[in-house]
J.: 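Shown below is the structure under consideration.
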Amino acid sequence: MLQALLFQGIDGLAAASGLFLVAAGLSLIFGVTRIINIAHGSLYMLGTYVAATIASRVAGGLGFWGGIVATALLIGLVGAAIEIVLLRRIYRAPELFQLLATFALVLIISDAVLWLWGPEDLLGPRAPGLRGAIEVLGRRLPSYNLFLIFVGPLVLIALHLALARTRFGRLVRAATQDREMVGALGVNQAALFTAVFALGSLLAGLGGALQVAREPANLLTDLVVISDAFVVVVVGGMGSITGAYLAAVLISEIKALCISIGVVSIAGMTVNFSKLTLVAEFLVMAIVLIVRPYGLLGRLQGVVRTVAAPEEPMRPAPIALKATGAAVVIVLVLAPFLARNTPYALVLGVDVLIAVLFAASLHFIMGPGGMHSFGHAAYFGLGAYGAGLLVKWAAATLPLGLLIAPFAALLGALVFGWFAVRLSGVYLAMLTLAFAQIVWSIATQWTEFTGGSNGILGIWPTAPFDSRAAFFLLTAALVVAGVLLLRRVIFAPFGYAMRAGRDSPLRAEAIGIDVRRVHWMGFALAGAVCGVAGGLFAFAKGSISPETIDVGRSIDGLVMVLLGGIQSLSGPIIGASVYTVLQDTVMRQTEYWRAMLGAIILALVLLFPDGIAGGLAKLWRGRA
Amino acid sequence: MSVLAVADLAKSFGGVRAVDGVSFTVGEGEFLALIGPNGAGKSTCFNMINGQLRPDAGRILFAGRDIAGMPSRDVWRLGVGRTFQIAATFGSMTVAENVQMALISHAGETFRGWRPAARRHRARSLALLAEVGMQEAAERASRELAYGDVKRLEFAVALASEPRLLLMDEPTAGMAPRERTELIALVKRLVVERGISVLFTEHSMDVVFAFADRIVVLARGRLIADGDAASVRANETVQQVYFGTGRAFERRRERAP
Ligand SMILES: Nc1ncnc2c1ncn2[C@@H]1O[C@H](COP(=O)(O)OP(=O)(O)O)[C@@H](O)[C@H]1O
Ligand SMILES: [Mg+2]
């Protein structure tokens with residue numbers, strides 16, 4: 001048992017090296033440019049494909065080892081190109097827009113890989129010269145893993161020396177610690193940013209290339225790797241390379257520990273620890289963020305870059321907007337009649353409505369609350385699973401299921417929100433992401449209760465909501481009520497208090513507002529409303545599975561809110577509608593819908609930085 | 001009877017003793033100036049009194065009650081208002097709404113979720129703005145205001161809760177000399193009407209000597225003088241550490257934002 005533990009521990013170091021390479025690049029890039037590059041995992045994935053291809057074309061050691069070097073350089077160049085063509089235009093944009101832009105890159109790169117290499121996994125060659133295994137503690141450890149164990153520390157030392165000894169390194173450190181200083185130094189900031197982005201990308205490419213000898217290249221790698229890398233960077237402390245290595249080791253070792261413990265009975269319950277690896281990873285991140293909000297070796301990041309264009313004061317809805325709202329409600333009521341010959345329209349309508357409620361609830365905490373949640377899928381999922389489980393285990397009817405949905409989500413939001421409101425900015429984003437991943441992993445891995453990755457089937461609406469029209473009307477009623485409720489609250493003292501706490505926490509506290517409490521309650525309310533959306537979703541689809549509540553959904557929510565315009569109350573409604581319809585239409589047109597979506601998002605980010613609603617408002621003002 | 005009595009107050013940041021055993025009192029209805037060169041520890045004193053910072057040592061008695069270490073919202077609730085050296089307002093709200101927010105909080109309505117905030121306490125908010133001469137700007141976004149107007153808005157916000165004691169950290173920073181005198185004259189008139197005690201910091205000696213009832217002088221975290229204008233002017237230590245460098249220091253300040 002002890003030997004098994006040690007062996008897994010040693011093997012864990014090999015995994016830690018891979019994790020470190022990706023995370024170090026991500027951390028470097030964030031430190032200097034303050035951009036959270038979601039596409040970093042995509043560069044890694046690109047690295048796996050490129051390296052596997054080179055090694056299969058060029059035989060022997062040259063193809064493999066030379067290929068790894070060539071891949072790293074190539075991905076570095078790709079990174080530089082991305083920086084020059086895209087990111088350079090958005091350094092001054094609000095943080096969230098940068099996220100959106102890099103997310104668009106994820107979509108585009110993913111489809112580019114699909115187009116170039118096809119959907120099949122790409123098997124990489126074994127490492128020439130390191131095919132064997134050596135005996136460690138009575139078990140066989142692949143020589144290649146032993147090699148990887150040393151790669152991490154080597155790269156760490158190399159980076160450390162580069163940062164400590166070279167002029168480039170000094171600039172990187174200066175930029176990471178004090179952004180004002182870069183300008184003062186009078187260096188060519190653009191060149192520094194490009195170089196750092198290239199270096200970070202090179203590390204991602206290297207990490208990917210080294211990986212092909214262990215695992216086949218695969219299209220799902222990008223999101224898996226980016227979420228692992230995020231955890232490592234956040235746990236280690238944003239911008240800290242040594243921190244990233246420590247965190248990579250910590251997380252890999254904890255995973256290894258879970259695997260080697262295996263199945264254990266505790267008080268009559270059998271717990272399979274090897275299935276807890278995912279939960280463990282995010283649990284570690286949550287704990288670290290709670291105890292050390294800036295990560296193991298991180299420091300409070302200096303001045304925040306000029307953020308969003310300042311928000312205009314809110315005015316009550318003008319007549320035109322009220323009229324539009326009324327028209328929308330009338331159309332919704334008449335929809336079942338209008339769409340009697342196109343039943344699909346109602347199905348799409350339900351999807352749009354659910355997305356609207358989801359996005360509106362996210363906007364509630366992102367906009368007025370200033371809390372950029374990256375894990376809103378958690379509350380959607382809690383609502384959906386709350387309803388689904390009640391149907392599955394207690395044969396509940398639709399009203400009961402929909403009643404429990406907001407309460408399940410509320411409970412989760414109260415617990416998670418209590419921690420989340422203690423952080424801000426990127427750290428809050430990552431903690432919310434961690435909580436969402438915990439919910440997701442529980443849904444995936446607690447098979448007996450939640451149905452595991454198959455989820456729960458047969459959650460159909462019961463009478464009188466079992467017709468398409470009736471369910472549509474019910475959805476419309478709940479969504480309209482939910483949106484109006486949130487709107488009402490935003491205009492009420494509570495919503496003002498949320499904005500007060502966002503605009504100036506110091507001033508808010510100095511006039512007696514308990515900012516954390518206000519934001520916590522706001523978080524909880526948004527969670528509960530989101531739970532309704534989740535409940536409706538479960539009944540609309542007749543099923544719920546972990547796949548529908550993964551990171552993708554959280555990001556969809558962010559895209560919807562930003563697409564519509566975060567500073568406008570109608571923003572999330574417009575954004576959710578456009579995004580859902582776009583997804584539906586574009587998706588059915590082409591196999592490469594992701595790339596299309598990515599291109600559309602990029603166009604919007606570059607052309608409509610205030611979102612659709614903001615852009616329309618500008619046009620409107622410009623005309624008047 | 002004093003409203004505020006600070007005793008042996010101390011605070012260090014790393015190795016820097018920002019405030020080092022400071023004691024003074026603010027009398028009922030008194031207009032007290034806290035002066036000292038940049039970095040003397042004035043803002044740090046304010047931050048401890050209003051609960052933003054926890055003192056390392058010392059007592060802060062407000063109306064006979066020790067408030068050291070209490071969260072600033074609770075200190076505010078007991079009747080201590082505050083304006084900031086770097087003015088802090090709610091940039092996404094109108095000027096009127098900034099005051100309304102304070103009135104809403106004062107009325108204990110923060111967690112109300114139904115009747116629109118913009119319709120609550122509106123008359124009172126406009127009346128306060130009129131008193132500080134800001135009624136015309138009521139519907140403008142507070143982030144668009146000129147610097148002097150932001151300071152006056154902060155003053156109106158601070159008055160909204162009918163405090164017993166007002167802490168004003170450099171209320172005239174960044175203003176032209178005439179504007180400074182006008183603002184302090186306005187502040188003095190309004191607080192005297194209401195019987196509010198004021199502790200304020202100010203860099204213009206003309207303003208301090210013209211308006212303050214009493215002056216407390218800090219230098220490097222220590223209290224070096226406490227008395228009326230004449231005795232402070234005559235104090236040798238003050239002359240050395242303060243007026244000796246006073247002019248140069250004045251000019252430096254003007255350039256800082
Ligand atoms: N949050 C802080 N962290 C570290 N040092 C601080 C902090 N606040 C103030 N100081 C230091 O404490 C000393 C007093 O500062 P402050 O109270 O702002 O002076 P004043 O308001 O009189 O100009 C200065 O040396 C300043 O650098
Ligand atoms: Mg100060």
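In what follows, chains carry the letters A, B, and so on, assigned in the order in which the sequence lines appear, proteins first and then strands, with residues in each chain numbered from 1.
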J.: For A/A492 versus B/R112, what's the shortest heavy-atom pair and its separation?
T.: CB-O, 3.7 Å
J.: Calculate, to the nearest 0.5 Å, the distance between atoms CG and CG belonging to B/D74 and A/D514 respectively.
T.: 8.5 Å
J.: Rounded to the nearest 0.5 Å, what's the gap from OG1 on B/T94 to CZ on A/R315? Could you check?
T.: 6.5 Å
J.: Between atom CZ of A/R499 and atom CE of B/M101, what is the distance when rounded to the nearest 0.5 Å?
T.: 9.5 Å
J.: Counting only heavy atoms not in B/R194 (residues, nucleotides, ligands), do more than 12 fall under 6.0 Å from its CZ?
T.: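 Count over threshold, so yes.
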J.: Of the listed residues (A/P316, A/G495, A/A508), which shares the most heavy-atom pairs with chain B below a 4.5 Å separation?
T.: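 Heavy-atom pair counts peak at A/A508.
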J.: Which bit of B/S161 is near chain A, if near means a heavy-atom gap under 4.5 Å: side chain, backbone, both or neither?
T.: neither
J.: Which heavy atom of A/A510 sits nearest to which heavy atom of B/F84, and what is that distance?
T.: CB-CZ, 3.8 Å
J.: More than 12 heavy atoms of other residues, nucleotides or ligands under 6.0 Å from CZ of B/F111: yes or no?
T.: yes
J.: Quick check on the structure: residues of residues 357-368 of chain A within a heavy-atom distance below 4.5 Å of chain B, by number.
T.: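 Not one residue of residues 357-368 of chain A has a heavy atom under 4.5 Å from chain B.
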J.: I need the minimum non-hydrogen distance between B/W76 and A/G512, along with the two atoms involved.
T.: CE3-CA, 3.3 Å
J.: Can you measure from CZ (A/F494) to CD (B/E109) and round to the nearest 0.5 angstrom?
T.: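 Going from CZ on A/F494 over to CD on B/E109, the span is 14.5 Å.
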J.: Closest approach of B/S105 and A/I511, non-hydrogen atoms and distance?
T.: OG-O, 2.5 Å
J.: Please determine whether side chain to side chain contact (heavy atoms under 4.5 Å, CB included) holds for the pair A/R502 and B/S92, giving the CA-CA distance in whole Å, both sets of side-chain angles, and the decisive distance to 0.1 Å.
T.: CA-CA 10 Å; A/R502 173 200 68 188; B/S92 72; 3.1 Å; yes
J.: Between B/R82, B/R77, B/R73, which is the residue that forms a salt bridge (charged side-chain N to carboxylate O under 4.0 Å, His left out) with A/E509?
T.: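 Only one option passes, and that is B/R73.
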J.: With chain A, which of B/R115, B/E144, B/R140 has the greatest number of heavy-atom pairs at distances under 4.5 Å?
T.: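 Heavy-atom pair counts peak at B/R115.
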J.: Hey, could you give me the OH/CD distance between A/Y496 and B/Q100, rounded to the nearest 0.5 Å?
T.: 7.5 Å
J.: Only pairs of heavy atoms separated by less than 4.5 Å count here; which of B/A88, B/G81, B/A118 has the most with chain A?
T.: B/A88
J.: Say you draw a straight line from CE of B/M93 to OG of A/S504; how long is it, rounded to the nearest 0.5 Å?
T.: 10.0 Å
J.: Mark yes when over 12 heavy atoms from residues, nucleotides or ligands other than A/R422 sit less than 6.0 Å from its CZ; otherwise mark no.
T.: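 Counting other residues, nucleotides and ligands, CZ of A/R422 exceeds 12 neighbours.
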J.: Is it the case that atom CG in A/L321 sees more than 12 heavy atoms from other parts of the structure closer than 6.0 Å?
T.: yes
J.: Among A/V489, A/I513, A/V515, which residue has the highest count of heavy-atom pairs closer than 4.5 Å to chain B?
T.: A/I513
J.: Enumerate by number any residue of residues 517-526 of chain A whose heavy atoms lie under 4.5 Å from heavy atoms of chain B; in the absence of such residues, state 'none'.
T.: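 If one takes a 4.5 Å heavy-atom cut-off, the residues of residues 517-526 of chain A near chain B are A/R517, A/V518, A/M521.
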J.: Report which part of B/T89 has an atom under 4.5 Å of a heavy atom belonging to chain A: side chain, backbone, both, or neither.
T.: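 For B/T89, the backbone is the part near chain A, not the side chain.
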